[in-house]
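Structure record follows, encoded as C-alpha cells.
In what follows, every chain begins at residue 1, and chains take the letters A, B, ... in the order their sequences are listed. Since the model is a prediction, treat every value here as computed from it, not as a measurement.
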There are 2 protein chains.
Amino acid sequence: MPAQISRLADFLPYLLSVTSNAVSGRIADEYNARFGLRIPEWRVMAVLGDAGSQTQRALVGATLMDKVAVNRACKVLEDRDLIKRSPNIRDGRSHHLELTVSGKAMHGQIMPLALEMEALLFAEFTAEECATFKSLLGRVRRRVQDLSPEGQMKDRAT
Amino acid sequence: MPAQISRLADFLPYLLSVTSNAVSGRIADEYNARFGLRIPEWRVMAVLGDAGSQTQRALVGATLMDKVAVNRACKVLEDRDLIKRSPNIRDGRSHHLELTVSGKAMHGQIMPLALEMEALLFAEFTAEECATFKSLLGRVRRRVQDLSPEGQMKDRAT
DNA sequence: GCGATTTGGTTGCATTAGAGACTAATTATG
DNA sequence: CATAATTAGTCTCTAATGCAACCAAATCGC
C-alpha cells in the first residue's frame, strides 16, 4: 500500500459516503438475514412501532424517504401481514397504517437488534463522542438544505 | 409505558445515511451540471489526476468502489477522451490509465470546484471540528471492517 | 356550488448498482 | 515445463432507486 494515494481520501464528502455505505450495508445484511426486511421497510416498521398509526405522507416526513419508496415498503409489509390499512375518515385519499399483531411482535425483536447494532458499531465512541457526531451530522444536513437551490426538496434517502 | 423506545431520528446509522445522501446528492448535481460527470467518474478523475497512471485494480483500492463501477466509469471517460489506456508491460491483463490532455484540463477545473463545495458545505465547521468529524468517520469505518464477517469486502461505495 | 388548483397515493419507465459467470493472463506447484 | 489456482478485467442478468406522468380526493376562488 502506497503511503499516499490521493487527496480523495481527505475529501470529506467522500469519507462520509464511504462510511455511510459501510454502515448501511452492514446493517442491511443483518436485517435481511434475520427478518427479510430491507432498510426502507425497516424504517417504516420503526416509525409505526414508535409513533403509532400514520399516513404514508407522514411516513415520508418521518423517514425522509421518497414517497415511492414508502409506498413500496408499505405494500411489502402489508403483503407480509406486518402492517394493516384502515380508512382515513378525514381524507379519503389516504389510509391510516399501523402494525398488526405480528408486526408488533416483529417490532419487539427488531428494535433491540437495532440498538444492539448501534452499540456494536459505535462501541468505541464515548457518549460524548456520539453526541458530537450526531450534532455534526445534523449541522451538515441542515447546511445542505439551506444551500439547496430554492426549495428543491428531493428525497434521496436510501 | 416503556421509556422512549428509540426513535428513528435518534438512530445514528439513519442520521449518517440521510446526511450522506444529502451531501452526495448536492455534489452529484453540481458535477453533473458542470461537467456531465457522475460521482464514480469524478472519483476516477480525482485519483488519476492526483496520483498519475493507475490500473483499474489500483483504482478500486483508491476509490473503494466496486470493480464493475470502476470499469464502467473508465469506459465512459475513455469514450469522452478524458483518459487513455496504455499497455501494461508487467501484466498483460491490465492497462495503465491516465488523463489525456483534455482530461488534465478538466481535472484542473474539477478539483477547485470540489474544494469549493467542501468549503461551502462545511463552512460552519471550525478546522478542529472538521478534523474531529474526519476522525470519527474513520473510526466508524474501520470498526465496520473489523466487525465484518471474515474477509467479506464488498465495495458498496456510491 | 363549480371549475381550477393542490395534494396523497399509485403506476410505469428509465437509470443505476451489484452479484455471478466468464475470458485471458499470471503465478504457484509438482 | 505442464497443470492448477489466482487474478484483472469484462459481460450479463437482475434487483433496486428515482423521476415523471397519472388518478382521485380535497381545497381554493369566485
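Using modelled atom types, one finds a donor on one side chain and an acceptor on the other under 3.5 Å when comparing A/R43 with B/S17. When only modelled atom types and interatomic distance are considered, B/T100 and B/D81 share no side-chain donor-acceptor pair under 3.5 Å.
Between A/I89 atom CD1 and D/dA26 atom C1' the separation is 16 Å, expressed in whole Å. When rounded to the nearest whole Å, the span between CG of B/L64 and C1' of C/dA17 equals 16 Å. As a whole-Å value, the separation of B/R38 CZ from D/dT17 C1' is 14 Å. The NZ atom of A/K67 sits 10 Å away from the C1' atom of D/dA21 (whole-angstrom rounding). If you measure from atom CG of A/D66 to atom C1' of C/dT15, you get 14 Å, rounded to the nearest angstrom. If you take CD1 of B/I39 and C1' of C/dT15, they are 15 Å apart, rounded to a whole angstrom. Per the geometry, CZ belonging to A/R93 stands 12 Å off C1' belonging to D/dC23, to the nearest Å. Between the P atom of D/dG18 and the CE atom of A/M65 lies a distance of 10 Å, rounded to the nearest Å.
A/S24 contributes a side-chain N or O that, together with a main-chain N or O of A/S20, makes up a donor-acceptor pair within less than 3.5 Å.
Map A/D91 and A/V68 each onto its nearest nucleotide of DNA chain D; the residue landing nearer the 5' end is A/V68.
Contact between the side-chain N/O atoms of B/R85 and the OP1/OP2 oxygens of D/dT10 is found at a separation under 4.0 Å. Under 4.0 angstrom from either OP1 or OP2 of D/dC11 there lies at least one side-chain N or O belonging to B/K75. Between B/N71 and D/dT10 there is a side-chain polar atom (N or O) within less than 4.0 angstrom of OP1 or OP2. Within the 4.0 Å cut-off from OP1 or OP2 of D/dT10, not a single side-chain nitrogen or oxygen of B/R57 is found.
The pair A/R85-A/E78 meets the salt-bridge criterion, since a charged nitrogen lies less than 4.0 angstrom from a carboxylate oxygen.
Taking 3.5 Å as the limit, the base of C/dG18 and the side chain of B/R72 contain a donor-acceptor pair of atoms between them.
The number of heavy atoms from other shown groups lying within 6.0 Å of CZ (B/R57) does not exceed 12.
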